[in-house]
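Read the structure below first, then the notes.
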Amino acid sequence: MTHDHEPHGEGAQRAERIERRWATLSVGIVALLIVMAAFAGIHQATMPQPVLETADPRTLHIAGEFTEANLGSSLEPDGSVMVRAIGQQYSFTPACIVVPVGTPIAFRATSADVVHGFLIDGTNVNVMLVPGYVSTIATRFETTGERHMPCHEFCGTGHEGMWGRIRVVDKATFQEMATRHRRLSCVDQ
Ligand SMILES: [Cu+2]
């Protein structure tokens, strides 16, 4: 065996050092990518909405979109219906939401205290109400009738009693109601 082919010769040792350096670097790159992927996944999963809109729970009742007079359903100029609601320990306001059948409905809701759940049974409406953030979801009801709206995020000792209702009425009834009030609910009916 000549010096050039000696496995533990100077050249081989140098090659091994360089190889180790490159191997370390490539493991480092993979580790960095794993950390980046994990961070992106966790960060996105912990954000309540892809588009963030905020609402300060401390001033919710005093000013802005979610004051009491502004809660409930309103007929928009384009014929769709906007529903604004809040969840708080341990009720929804309005406790009974009225909407027309066969109409695009947009919900905008938030929490005044802790995390609550906003779910309408028999539909795919299912969002979390996170204090500080506005949750939005759009839907459409194809049949009239009443549906339950339970809070489905444990929010404290009164959680199991936190229920709301959605009453889906025919379009004419809703239109007639909308001529009398700017914001509608079925709380007193
Ligand atoms: Cu709740």
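Every number for a ligand or one of its atoms is a count from 1 in the order of the listing.
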>> Could you check whether T173 and Q175, counting side-chain N and O atoms only, form a donor-acceptor pair closer than 3.5 Å?
In response: no
> Any side-chain donor paired with an acceptor under 3.5 Å for N70 and T67?
Replying inline: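 No.
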> Which residue pairs pass the salt bridge (charged side-chain N to carboxylate O under 4.0 Å, His left out) test with at least one member in residues 18-35, sequence neighbours excluded?
Replying inline: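 Those involving residues 18-35 are E16-R20.
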> Taking the Cu ion (ligand 1) as the centre, how many protein N/O/S atoms fall inside a distance shorter than 2.8 Å?
Replying inline: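 Protein heteroatoms (N, O, S) closer than 2.8 Å to the Cu ion (ligand 1) number 4.
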> Listed by chain and number, what are the side-chain contact (heavy atoms from CB on, under 4.5 Å) partners of D113, not counting sequence neighbours?
Replying inline: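 With neighbours one apart ignored, the set is Q88, Q89, S111, H116.
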>> Can you confirm whether E146 is buried at CD, in the sense that more than 12 heavy atoms of other residues, nucleotides or ligands lie under 6.0 Å from that atom?
In response: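 Counting neighbours around CD of E146, more than 12 heavy atoms of other residues, nucleotides or ligands fall under 6.0 Å, so yes.
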>> Can you list everything that forms a salt bridge (Lys or Arg N to Asp or Glu O under 4.0 Å) with R14? Sequence neighbours excluded, please.
In response: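 R14 satisfies salt bridge (Lys or Arg N to Asp or Glu O under 4.0 Å) with no other residue.
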